[in-house]
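Heads up: the structure comes next, in structure tokens.
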Amino acid sequence: MSALAYTRFETVRAFRNRRFFLFSLVFPLVLYFVIAGPNQGEHDLQGTGLSAPVYFMVSMASFGTMTAMLGTGARIAGERAVGWNRQLRISPLSAAAYLRAKVVIAYTMALLSLATLYIAGTILGVRLPAGEWIAMTMLILVGLIPFAALGVLLGHLLTTETIGPAIGGGTSLLALLSGTWFPLGQSGVVHAVAQALPSYWLVQANRVALGGHAWSLTGWLVVAGWSVVLTAAAARAFRRDTGRP
Amino acid sequence: MASAITPATETGIRLQGLVKSFRTPHGPVHAVRGVDVAIAPGETVALLGPNGAGKSTTIDMLLGLTRPDAGSVSLFGGTPEEAIGAGRIGAMLQTGALLRDLTVRELIAMMASLYPRPLDVDEVLDLTGLEATARQRTEKLSGGQAQRVRFAVALVSNPDLLVLDEPTVAMDVEGRHAFWATMREFAARGKTIVFATHYLEEADDFADRVVLMARGRVVADGPPTEIKARVGSRTIRATLPHADVEALRGLPGVAGAERRGASITLTCTDSDVAIRALLAAHPAAGDIEISGAALEEAFLQLTGDDAHDTEAAA
């Protein structure tokens, strides 16, 4: 009995899906060169203190990794649509091992997306000390925890028809409110709303490049809060979802 | 009779007083209204019934996929969850398609990896006639091929209990024959098999025992021959010019007689007695045919009549 083999086959499956490459890798990468490329010389993007290549590298990485994490939802919805969740539930694969496999795959995809944008960043001249690359990566991986749970939740609530638009629309809206396309400024209603979103703090991981602490206490609390709430909701949806498709 | 409740059922399957209703926009649907079945290890049992009889819901409760409103399920002396956790259950469920983006071989190997004592993947590919399709992607298969893959997935787990929900539904005649041939081989290894079907012929040909369901209840339970015996009758057809229908009706073992031209049809309570009596009284009778009632008739008679519900379930 090997949950490892299961994870391996599921990873193979995830890599064969073209949609993943398009939305988690190609799309953010192209946008990065389109947006950051012409502003390569901008050293202080709208008062953020960050160069345009650094700012948009993290922005696009947040978009790509968020999409990669929510891809779990598409995979689960796909399994449910063909009734494969039921086939798995009558196998000895435990619920914990199943969910672990899903999260491991999501993080693998997210790391791939992240690595792609880091490479693109260096192409546009981003140079950071090793410690900052690591700190940035760690913050993004922590900031993705709520999205790991959200992926599972959406996968159990939505169908294969609805999950595509939900992920596409949801990530676009979150990106807009989180300063992905342009910096939001440090005050006002939009800023207040943005601070309550986990995606905002993904983008804020860019502040590692300023030195010091990238996330305020608020940031840690928002990410922790969403992690707890979404994990509980995902667990509940997972348990309830035993019916036939 | 194989269905008798013996101490052996302690280690087999036991469904007791199962009840399940579903809420729908059109009011509650009572899918299963009290099912009691005990199955001994090594038995091959058909759950036979029309659509909506409660077969799939019963199977879902058997597998622990649906929680019964009342009643209990015991598999090999434990709960369904325990039996599943120990890898003792394999099932072919009624579903639309296969997991995509894998080859046939990968999918079967993936499922095999989840079980403690799987069969060899190549052996299963061979058993199910899938060697030629092993490298194809699952999403590119025909309906019959996909059904075979699902069968392979159930087999590779090498279970003690194999549950099949309408297993041959998408198969052609040839595929069906191959399927049941493989199943016979598997049953010969001492495995317990429970399958739902609405093909009467399959239940008749393959099962040791038929549990007939209608409207959420068990309406008959016994060997296929006994199910037929319950509704009477075998039929004798013969050519016998100028026969006296009244006299034919009076023959021992005959319940009814009809004549059309020179041919007669006798409905028998005991065809062995009736044929001897017929030939003794009418040596001229020719072109004799004796046929058993098709299970189809038994099926219509039993499921169409609610009066049988309570006594047959006992």
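Here is the naming used below: chain letters follow the sequence lines, and residue numbers restart at 1 for every chain.
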*Is there a side-chain contact between Ser91(A) and Ser157(B) (heavy atoms, below 4.5 Å)?*
no

*Distance from Asn85(A) atom CG to Leu99(B) atom CG, nearest 0.5 Å?*
10.5 Å

*Go through Ile90(A) and Leu65(B) one step at a time and tell me if the side-chain contact (heavy atoms from CB on, under 4.5 Å) criterion holds.*
CA-CA 8 Å; Ile90(A) 54 167; Leu65(B) 289 169; 4.1 Å; yes

*Greater than 12 external heavy atoms within 6.0 Å of Phe9(A)'s CZ*: yes

*To the nearest 0.5 Å, tell me how far Leu4(A) CG sits from Ser113(B) OG.*
9.5 Å

*In terms of side-chain geometry, is the basic nitrogen of Glu79(A) or Arg100(B) positioned less than 4.0 Å from the acidic oxygen of its partner?*
no

*Which atom names give the shortest non-hydrogen contact between Pro92(A) and Gly85(B), and what distance separates them?*
CB-O, 3.5 Å

*Arg16(A) side chain to Asp101(B) main-chain N or O, any donor-acceptor pair under 3.5 Å?*
yes

*Looking at residues at least two apart in the chain, or sitting in another chain, which of them share a side-chain hydrogen bond (donor to acceptor under 3.5 Å, both in side chains) with Thr182(B)?*
none

*Is chain A contacted by the side chain of Arg137(B), its backbone, both, or neither, given a heavy-atom distance below 4.5 Å?*
side chain

_Spatial distance of atom OG (Ser94(A)) from atom CG (Leu114(B)) [nearest 0.5 Å]_ = 10.0 Å

Expected list for residues 162-180 of chain A: side-chain donor-acceptor pairs under 3.5 angstrom, two or more places apart:
residue	atom	partner	partner atom	Å
Thr162(A)	OG1	Thr159(A)	N	3.0
Thr162(A)	OG1	Thr159(A)	O	3.3
Thr162(A)	OG1	Thr159(A)	OG1	3.1
Thr171(A)	OG1	Ile167(A)	O	2.7
Thr171(A)	OG1	Gly168(A)	O	3.1
Ser172(A)	OG	Gly168(A)	O	2.8
Ser178(A)	OG	Leu174(A)	O	2.5
Ser178(A)	OG	Ser199(A)	OG	2.7
Ser178(A)	OG	Tyr200(A)	N	3.3
Thr180(A)	OG1	Ala175(A)	O	3.1

_Val163(B) portion near chain A, given a 4.5 angstrom heavy-atom threshold_ = neither

*asked:* Heavy-atom count check: over 12 atoms from other residues, nucleotides or ligands less than 6.0 Å from Arg67(B) CZ?
replied: no

*Using atom types as modelled and distance alone, determine if a side-chain donor or acceptor of Gln87(A) lies under 3.5 Å from a backbone N or O of Ala91(B).*
yes

*asked:* With a 4.5 angstrom heavy-atom cut-off, is it the side chain or the backbone of Ala109(B) that approaches chain A, or both, or neither?
replied: both

*Most contacts with chain A, counted as non-hydrogen pairs under 4.5 angstrom, among Leu102(B), Leu63(B), Ile89(B)*: Leu102(B)

*Could you grab the distance from atom CE of Met110(B) to atom CG of Leu93(A), nearest 0.5 Å is fine?*
9.0 Å

